[in-house]
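What follows is a short report on a single structure.
All residue numbers in this chain count up from 1 along the given sequence.
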Amino acid sequence: MKIKHLLPMCVALALAACSDNSATQSNDTPPASAVSQQDTAAPTGEKVTSYLVGIDIGYPPLTFRDTKGQPSGFEVELLQAIADDQKFQINLIPDVRANLFPGLGEGKYQILVGSFEVNPERQAQAELSNPYAKGYRAILSKKDSTVKSAQDLRTAKGIVGVQKGTNSERKLVELGITPKTYDSLFNTFKGLVQEEITHVVGDSIPLTYYAISNKDESVTQEYELAHFDASAGESMLVYAVSKGNTELLGKVNQGLENLKKNGTYDQIYQKWFKNNDAKV
């Protein structure tokens with residue numbers, strides 16, 4: 001897949017949707033006494049359960065900060081619709097990716113959002129929802145690159161960049177490749193634009209988003225997206241829920257099923273993806 005990218009786009013993305021998620025965002029984190037599942041009273045007098053949601057905001061259009069600094073994106077809007085359908089509330093807490101699953105295990109969060117694909121390690125740490133989108137592990141390189149697969153990376157000259165603490169980093173290490181790591185996928189992509197690295201490995205959906213054309217600019221650089229491992233198939237993206245909390249998992253799955261039946265899922269999907277073939 002060939003993608004045309006405009007270099008000045010990085011400035012706009014950095015200030016808006018593609019905010020860096022690397023720093024510990026203490027201002028977004030409630031005090032320890034507030035970090036728990038809570039019941040609040042609805043206007044009807046009924047109790048409404050509120051869940052704390054840890055979120056990695058570095059995966060547009062799935063998750064990012066909007067121009068007002070608030071978490072936004074497909075995953076966020078979809079989870080809010082699920083919460084509305086199942087009559088619970090969510091409190092979104094941006095955090096660095098490395099903190100999310102430990103936080104889930106410690107009870108700091110009850111739900112995690114952040115372009116999480118299914119793998120055995122996550123299945124051991126959490127309950128995973130039914131999938132709501134699909135993608136694949138991708139390699140993004142300059143146009144006409146000879147790198148078309150993970151095996152090509154082993155012999156190619158250049159430097160591979162990857163977000164630290166991700167499955168993509170683990171896959172590269174397993175291949176004997178020592179990548180240059182960054183604290184967010186956006187900063188990894190920015191490293192490619194600034195020629196600190198020659199290839200980026202990461203999720204196909206945000207990598208495609210980062211590299212889309214901006215027709216208002218004139219300086220262009222074309223990139224190509226390739227499958228890291230075409231035989232691995234597609235990656236299913238899911239929400240993670242506290243281990244053992246089958247009641248909450250049931251709510252998330254039932255809400256997702258209801259949204260698919262009543263058309264709300266399709267409406268939200270079309271808003272964020274247009275023609276992107278990520279629907280499940």
Side-chain angles (χ1 to χ4, degrees), residues 1-14 17-22 56 58-62 64 96-98 114-117 119 121 134-214 217-235 237 276-278:
M1 179 189 300
K2 293 183 179 179
I3 307 168
K4 186 177 291 184
H5 162 70
L6 309 166
L7 299 181
M9 181 182 70
C10 290
V11 177
L13 288 176
C18 302
S19 172
D20 180 8
N21 68 335
S22 61
D56 181 347
Y59 287 82
L62 299 167
F64 60 92
V96 293
R97 197 170 188 83
S115 187
F116 295 115
E117 63 182 278
N119 67 32
E121 182 180 3
K134 63 184 179 183
Y136 59 91
R137 196 176 320 285
I139 304 168
L140 187 67
S141 312
K142 283 186 177 181
K143 180 185 176 182
D144 299 327
S145 170
T146 59
V147 172
K148 305 298 182 184
S149 69
Q151 292 303 319
D152 291 341
L153 287 174
R154 301 181 70 178
T155 56
K157 294 181 179 179
I159 302 172
V160 182
V162 70
Q163 182 182 1
K164 185 176 179 61
T166 59
N167 281 335
S168 293
E169 181 187 17
R170 178 172 58 83
K171 292 287 186 181
L172 287 169
V173 172
E174 289 174 356
L175 284 173
I177 298 171
T178 303
K180 180 178 175 63
T181 60
Y182 293 82
D183 47 32
S184 70
L185 188 58
F186 173 62
N187 282 342
T188 313
F189 175 70
K190 189 164 65 174
L192 179 65
V193 172
Q194 296 175 346
E195 299 187 339
E196 298 172 355
I197 55 178
T198 52
H199 313 282
V200 177
V201 175
D203 295 340
S204 61
I205 294 173
L207 283 181
T208 300
Y209 181 88
Y210 285 139
I212 59 174
S213 297
N214 181 339
E217 303 290 352
S218 58
V219 181
T220 65
Q221 170 64 60
E222 288 189 80
Y223 294 99
E224 291 183 335
L225 205 65
H227 280 266
F228 183 83
D229 181 2
S231 66
E234 296 164 327
S235 299
L237 303 183
N276 193 322
D277 190 22

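In plain terms, the two heavy atoms of Pro206 and Leu185 that are nearest each other are CG-CD2, 3.5 Å. Nearest heavy-atom pair across Leu207 and Val201 is CD1-C, 4.5 Å. Scanning both residues, Gly161 and Thr188, for their nearest heavy atoms gives C-CG2, 3.4 Å. Residue Glu224 comes nearest to Ser145 through the heavy atom pair OE1-N, 3.9 Å, listed as atom of the first residue, atom of the second, then distance.
Here the CD1-CG distance, from Ile139 to Leu225, works out to 9.0 Å after rounding to the nearest 0.5 Å. Note that CZ of Phe116 is 6.0 Å distant from CG of Asp56, once rounded to the nearest 0.5 Å. To the nearest 0.5 Å, atom CG of residue Leu172 and atom CG of residue Leu153 are 6.5 Å apart. Interatomic distance, Ile177 CD1 to Thr155 OG1, rounded to the nearest 0.5 Å: 9.0 Å. We find the CZ-OG distance between Arg137 and Ser168 to be 4.0 Å, quoted to the nearest 0.5 Å. Taking CG from Leu192 and CG from Asn187, the interatomic distance works out to 12.5 Å, rounded to the nearest 0.5 Å.
A side-chain donor-acceptor contact under 3.5 Å links Ser204 to the backbone of Tyr136. Within the 3.5 Å criterion, the main-chain N or O of Leu175 finds a donor-acceptor partner in the side chain of Arg154. Within the 3.5 Å criterion, the main-chain N or O of Gly114 finds a donor-acceptor partner in the side chain of Arg97. Asp152 places a side-chain N or O within donor-acceptor distance of the main-chain N or O of Lys148, the cut-off being under 3.5 Å. With Asn119 contributing its side chain and Glu121 its backbone, the two residues share a donor-acceptor pair below 3.5 Å.
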side-chain contact (heavy atoms from CB on, under 4.5 Å) assessment of Asp203 paired with Glu117: CA-CA 9 Å; Asp203 295 340; Glu117 63 182 278; 4.1 Å; yes
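Ring geometry, Tyr210 versus Phe186: the interplanar angle falls from 30° to 60°, so the pair is classed tilted.
In this structure, Lys180 satisfies the cation-pi test against Tyr182, with its NZ or CZ atom closer than 6.0 Å to the six-membered ring centre and inside 45 degrees of the ring normal.
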